[in-house]
Amino acid sequence: MKITLIPGDGIGPEVTKAATMCIDALKLGIEWETVYAGSDAIAKYGSILPEQVLDSIRKNKVALKGPMITPIGEGFRSVNVAIRQALDLFACVRPAKSIEGVPTKFKNIDIVIFRENTEDLYAGIEFEEGSPEAQSIIKEIEKQQTKKIRPDSAISIKPISISGSQRIINAAFDYARVNKRKKVTLVHKANIMKYTDGLFLKVGKDVAKRYPDIVFEDAIVDNLSMQLVKVPQNYDVLVLPNLYGDIISDLCAGLIGGLGVAPGANIGGDMAVFEAVHGAAPKYKDKNMVNPTAMIMSGVLMLDYIGKKEEAKKLEQAVRQVIKEGKSVTYDLKENRNDPTAVGTKEMAEAICKKLQ
Ligand code: NAD
């Protein structure tokens, strides 16, 4: 079968190469259709997200994607967000499961995050300070209610819909049921954002009624952050609106040892794009240094999604074995980050491939 491969920027090409090397070692006959997006694509195609990238994913239905750089506060908007929105990949699924041998204070973590991927402050509806649009919106809002907005404000819009909330919360409960998980925790700040987060919570309570076999609870995002670093073992499946999901994903990645080991998937109705939680880490580009685990484990999620469940397990076991042995691992998986015995991205992937033979 054909799978779309987007190498990405920064460390993207190195970690996607490591992942395809491991997946190819399983001899499933996967043919990678490589397409380019991000800063590299501007030079080649004059666009950060050439139509052929989206066409390739629409045709193949599955993609493995490296991270891409998004300049902060200026330049183009995130290609990563654009892909998720263009293909309506509404569920960002990020498992955070402890791996024996990864240096971390926390043990026995097994949390799966369902982050809504298309709405909220991530919708990209923003108005620049001083622009006629921002001025006009400020005037309009002041007509509708009594609170003042300072005239020198920039404005971001936070849309949260019933339908958008229903499909991500349904997905979290379906996952919990299929994977025999016990509890879904819905995360919000409905005490302050009564209409947007309040709606997310209300929909959650309604959806939960259809899943009496699964415990449902809600948590306010600030309190959840504290609880997660105190007793992370209390959490099972988390479902969150987009922005909290983004932040809590990194927190959970930290619990299991850092971004180098945290995989992810963006899943829509009939297609999915698999990518690590981490970004393009530009300072490590072309150094053959970073950890390929997050990208390889994103490949494990991909194999599971396409129905290659045995092979997915085999690859996951190989990754876990190499990390547990602690020899052929990258610097971030050593107790001492300056340990000279740390290997490179490629060498760690090769060690994983050897376990698959
Ligand atoms: P980042 O995840 O790229 O890197 C932060 C730090 O995490 C790195 O400096 C490094 O110390 C560590 N790290 C990340 N990946 C690692 C790996 N595989 N192995 C070992 N250590 C690793 O986050 P950032 O610096 O905030 O973002 C850099 C760029 O990536 C930005 O342009 C950002 O917008 C983009 N980004 C893209 C995605 C995506 O493509 N989905 C996600 C997040 C950030």
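One-based numbering, in listed order, for ligands and for the atoms of each.
Closest of all the heavy-atom pairs between Asn288 and Lys346 is OD1-N, 2.9 Å.
Considering backbone and side-chain atoms together, Val15 places no N or O closer than 3.5 Å to any N or O of ligand 1. Annotation: Met68 places an N or O atom under 3.5 Å from an N or O atom of ligand 1; distance criterion only.
Close approach of ligand 1 to Asp332 (heavy-atom distance below 4.0 Å) involves ligand atoms 20 (C). Residue Val290 has at least one heavy-atom neighbour below 4.0 Å for each of these atoms of ligand 1: 17 (C), 18 (N), 19 (N). Here is the list of ligand 1 atoms found below 4.0 Å of a heavy atom in Tyr331: 20 (C), 21 (N). Taking every non-hydrogen atom of Gly260 and a distance limit under 4.0 Å, the qualifying atoms of ligand 1 come out as 17 (C), 18 (N), 19 (N). Ligand 1 places these atoms under 4.0 Å from at least one heavy atom of Pro282: 28 (C). Interface of Arg84 with ligand 1, defined as ligand atoms under 4.0 Å from a residue heavy atom, comprises 41 (N).
Both the backbone and the side chain of Ile69 come within 4.0 Å of ligand 1, judged by heavy-atom distances. Contacts with ligand 1 closer than 4.0 Å are made by no heavy atom of Pro292, backbone or side chain. Proximity of Met295 to ligand 1, defined as any heavy-atom pair under 4.0 Å, is not found for any part of the residue. Residue Asn291 touches ligand 1 through backbone and side chain together, judged by heavy-atom distances below 4.0 Å.
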Could you go through the side-chain contact (heavy atoms from CB on, under 4.5 Å) check for Ile256 and Val102 one step at a time?
CA-CA 7 Å; Ile256 59 161; Val102 176; over 6 Å; no
Step-by-step side-chain contact (heavy atoms from CB on, under 4.5 Å) determination, Ser98 to Thr104:
CA-CA 9 Å; Ser98 297; Thr104 165; over 6 Å; no
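Note on ligand 1: Met289 sits outside its first shell, no heavy atom being nearer than 4.0 Å. Not a single heavy atom of Ala276 lies less than 4.0 angstrom from ligand 1.
Residues Ile23 and Trp32 form a side-chain contact, since some pair of their non-hydrogen atoms from C-beta on lies under 4.5 Å apart. When side chains are defined from C-beta on, Gln317 counts as touching Arg320, because their heavy atoms get closer than 4.5 Å.
Relative orientation of the Phe216 and Phe173 rings is tilted, given thresholds of 30° and 60° on the angle between their planes.
Seen from the ring of Tyr122, Arg115 counts as a face-on cation partner, given the 6.0 Å and 45° thresholds. At least one cation-pi condition fails for Lys189 and Tyr244: the charged atom is not both under 6.0 angstrom from the six-membered ring centre and inside a 45 degree cone around its axis.
The only option from Val239, Ile220, Leu199, Val221 that meets the side chain to side chain contact (heavy atoms under 4.5 Å, CB included) definition with His188 turns out to be Ile220.
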